[in-house]
Protein chains: 2
Amino acid sequence: MEKQAITIYTVASEAHVSMATVSRVVNGNPNVKPDTRKKVLEVIKRLNYRPNAVARGLASKKTTTVGVVIPDITNDYFAELALGIDDIATMYKYNMILANSDADDKNALQVVRSMFAKQVDGIIFMGHDVSDDVKAEFESSNVPVVVAGSVTNDDSLPVVRIDYQKATQEATSKLLKNNEKVALIIGSKSSTINAQQRIPGYQKAYEDSQRQYDHRLIFEAHDSYEEGYALVDRILKTGATAAFLSDDSIAAGLLNGLHDHGVKVPEDFEIITGNDTKLATITRPMMSSITQPLYDIGAVSMRLLTKLMSEDQQAAEADAEQDGNSNVILQHGFVERQSTK
Amino acid sequence: MEKQAITIYTVASEAHVSMATVSRVVNGNPNVKPDTRKKVLEVIKRLNYRPNAVARGLASKKTTTVGVVIPDITNDYFAELALGIDDIATMYKYNMILANSDADDKNALQVVRSMFAKQVDGIIFMGHDVSDDVKAEFESSNVPVVVAGSVTNDDSLPVVRIDYQKATQEATSKLLKNNEKVALIIGSKSSTINAQQRIPGYQKAYEDSQRQYDHRLIFEAHDSYEEGYALVDRILKTGATAAFLSDDSIAAGLLNGLHDHGVKVPEDFEIITGNDTKLATITRPMMSSITQPLYDIGAVSMRLLTKLMSEDQQAAEADAEQDGNSNVILQHGFVERQSTK
DNA sequence: CTGAAAGCGCTTACAG
DNA sequence: CTGAAAGCGCTTACAG
């Protein structure tokens, strides 16, 4: 017994109106006589008619679906952003196609391609830097893309983020007060966010304190607890007595690793972490941290995207798009907890 | 300058074949002469033709998209499951529409409705219990649904999970060895997973040890660190000296709360947590835990769903569907760490 | 192995 | 305020 799908055609004939009229009431078009509307609404209700979004998407060229590429859904930082994105998306009646890129360029490309194939109306890109292939995909499409919570090598893309340079500078400066050698622990040194923001911020802090920074104090690590934990020996060997870490998982790993090596935090080693996810308060000692409006970064990104998507619709060919500065920099802060003196 | 979309029609005319033939080569249909295939493939490449998945979805009634409802994307437990789901989905060329339900029935209903409107081929439902409305949605659709990582009040739904009753029983029994009063901390007492699995398991453990359980030792809490932290006083007041908690965030909260109240874990209070997410190893002391194959629960759910989706296609009306037992129970275990003696 | 044609379920000008 | 008709970009029998 195949359930016979009831379509706009069924409704139209039951209500003795045209499909166009049914379409109008479904879409809230005001140009419908109240009586007609009422009649149609009744039939819709009686038949429990549900518009087919796929058909609508094909006809209207709008899918009310956005693509969200996330490096790792199990990383609290990105998960918080995703929560903000989802809330706003839902508010605007958008669905989100979420796909993990594993921070891998090959995956990211596949993911983006498949999102375009599905005709998403926009994309939120979380991740550091974009491969040439992905950049090409973005450029050859008319679909707006916004970068959330990072800064990439593609500066034609609008981005919502904090001032990573300043944040890094501030954290490093704080640490420099009580310590001669402050380590910086980040992802890839060559990624844009690190090369152009965090490392310069780190250097500036050294300059501010009239000291020369030592590049050997800059460590690369993937965003995982284990890598942080494994870093202990190498960091200690440099004589560093403090560290700023861009990722909370790594920071938690380092913190616990230090403890297990008998190094006391903050007495013998100070730590400031970068994202203030819940991890920061779960560790003992709790970690002092740069604070970020994580949820808001996601929410603002999605809001910006909705704006771009509707402009896209109107402006269409008005390629004026002086896309000068659709970038938005949110405020960050600092919270002192137990991992600093 | 609207970019002129290039469609299957463009390819067909450039290659001097019919759209049907282009469709065949795109879909890997073997009934195409090698020469023809080659010619078409060349044109596709030259034009950089990308099939429109929306049109395909409308015509074929398959969207290669699945809906995933998740109570809270920022909860490590669900995020780990989602990772497994996404990996397998990607492997099978499915995209996933991910939506947070906030563990709220109203939201879940909206979310599910909008997934059906988007014509998803299947749904993975994470969450405890399903409202009547949602159940009705599920039943009135032909779309297969699988429940991942819980057990719900709708036992017509296939589910992938562990044996929560046994796990709870084992954990409680362990704790009962050194403690007279062992608390059980769960979500809602009336949810199916708790009423039919965890509470009975808890009681059995008491029976096994020839003791009478005290229902006042069963606490309800939402899955958050803060609630766990706030629970300390109430739990201590009962005289309990140990607890099994179903959620790691709550457990971490309790653990830290205990510490801040000067109660030593495990010396004065033993803790076993339920999900073995990364939190369990980040806290100090690290938490002993029931272990679960989190990623696999997600992966197996998705695999099961793909199976159901293709059966659905074939069986179609063969409603035989003795849906006897598509349930799959994965193995759990236990890992001793530092929160137990 | 290949093509012509209908159809998927909507929306969108266009007329009136 | 309403309807007839074309069209969105594919797939799917059906014929041959």
Side-chain angles (χ1 to χ4, degrees), chain A residues 2-41 43-44 47-65 116-119 121 142 313-314 316, chain B residues 2-41 43-44 47-65 116-119 121 142 313-314 316:
Chain A
E2 259 295 318
K3 272 159 201 157
Q4 186 50 53
I6 87 108
T7 73
I8 198 173
Y9 173 82
T10 330
V11 175
S13 64
E14 289 270 320
H16 305 295
V17 298
S18 71
M19 287 161 48
T21 296
V22 177
S23 176
R24 286 188 191 98
V25 348
V26 166
N27 292 302
N29 185 319
N31 296 340
V32 180
K33 191 160 53 166
D35 277 2
T36 314
R37 178 187 308 282
K38 198 176 156 212
K39 188 173 56 178
V40 172
L41 251 16
V43 175
I44 286 179
L47 265 37
N48 192 25
Y49 166 66
R50 307 287 183 81
N52 180 324
V54 172
R56 188 203 302 248
L58 182 58
S60 70
K61 300 187 169 282
K62 290 282 155 201
T63 55
T64 60
T65 300
F116 281 138
K118 292 274 166 77
Q119 314 297 123
D121 295 337
N142 291 313
Q313 194 168 11
Q314 296 153 8
Chain B
E2 259 294 318
K3 271 159 201 158
Q4 186 50 51
I6 87 107
T7 72
I8 198 173
Y9 174 82
T10 330
V11 175
S13 65
E14 290 271 320
H16 305 294
V17 298
S18 70
M19 288 162 47
T21 297
V22 177
S23 177
R24 286 188 191 97
V25 348
V26 166
N27 293 302
N29 184 320
N31 295 338
V32 180
K33 191 159 55 165
D35 277 1
T36 314
R37 176 186 311 281
K38 197 176 157 211
K39 186 172 56 179
V40 172
L41 250 16
V43 175
I44 286 179
L47 265 36
N48 194 24
Y49 166 65
R50 308 285 184 83
N52 180 323
V54 172
R56 189 203 301 246
L58 182 58
S60 70
K61 301 186 169 280
K62 290 279 155 205
T63 55
T64 60
T65 301
F116 281 138
K118 292 275 166 77
Q119 313 297 121
D121 295 337
N142 291 315
Q313 194 168 11
Q314 296 154 6

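A quick note: this is a predicted structure, and the numbers were derived from the prediction, not measured. In the text below, chain A, chain B and the rest are named by the order of the sequence lines, each starting its count at 1.
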Item to complete: Using the side chain to side chain contact (heavy atoms under 4.5 Å, CB included) rule, take B:T63 and B:K118 through it: C-alpha gap first, then chi angles, then the decisive distance, then the call.
Response: CA-CA 8 Å; B:T63 55; B:K118 292 275 166 77; over 6 Å; no

| said: If you apply the rule side chain to side chain contact (heavy atoms under 4.5 Å, CB included), what do you find for A:V43 with A:V17, and how did you get there? | reply: CA-CA 11 Å; A:V43 175; A:V17 298; over 6 Å; no

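Within the 4.5 Å cutoff, the side chain of B:R56 has heavy atoms near those of the B:N27 side chain. The shortest distance between side-chain heavy atoms of B:I6 and B:N48 does not fall below 4.5 Å.
For A:A5, counting side-chain heavy atoms from C-beta on, the closest listed nucleotide (C:dG9, D:dC1, D:dG3) is C:dG9. Ranking D:dG3, D:dT2, C:dG9 by closeness to the A:V17 side chain, first place goes to D:dG3.
Taking all atoms of both residues into account, the shortest heavy-atom contact from A:P51 to A:V26 is CG-CG1, 3.8 Å. Of all heavy-atom pairs spanning A:N31 and A:R24, the tightest one is O-CD, 4.0 Å. Between A:K39 and A:H16 the shortest heavy-atom distance is NZ-O, 4.5 Å.
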In 5'-to-3' order, the base (B), backbone-only (S) or no-contact (-) status of each nucleotide in nucleotides 10-16 of chain C, using a 4.0 angstrom heavy-atom cut-off, is BBBB---

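Nearest-nucleotide assignment on DNA chain C puts the 5′-proximal partner with B:T36, out of A:V54 and B:T36.
Under the salt bridge (Lys or Arg N to Asp or Glu O under 4.0 Å) criterion, B:R50 pairs with A:E137, sequence neighbours left out.
In this structure, the NE2 atom of B:H16 is 16 Å from the C1' atom of C:dT2, given to the nearest Å. One atom, NZ of A:K118, and another, P of D:dG9, lie 18 Å apart when rounded to the nearest Å. In this structure, B:K61 places its NZ atom 19 Å from P of C:dA6, rounding to the nearest Å.
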With both pairing distances under 3.5 angstrom for Watson-Crick or G-U wobble, and | for a partner in another strand, the correct string for DNA chain C is |||.||||||||.|||

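Put simply, A:S18 has no side-chain N or O that comes within less than 4.0 Å of OP1 or OP2 on D:dA4.
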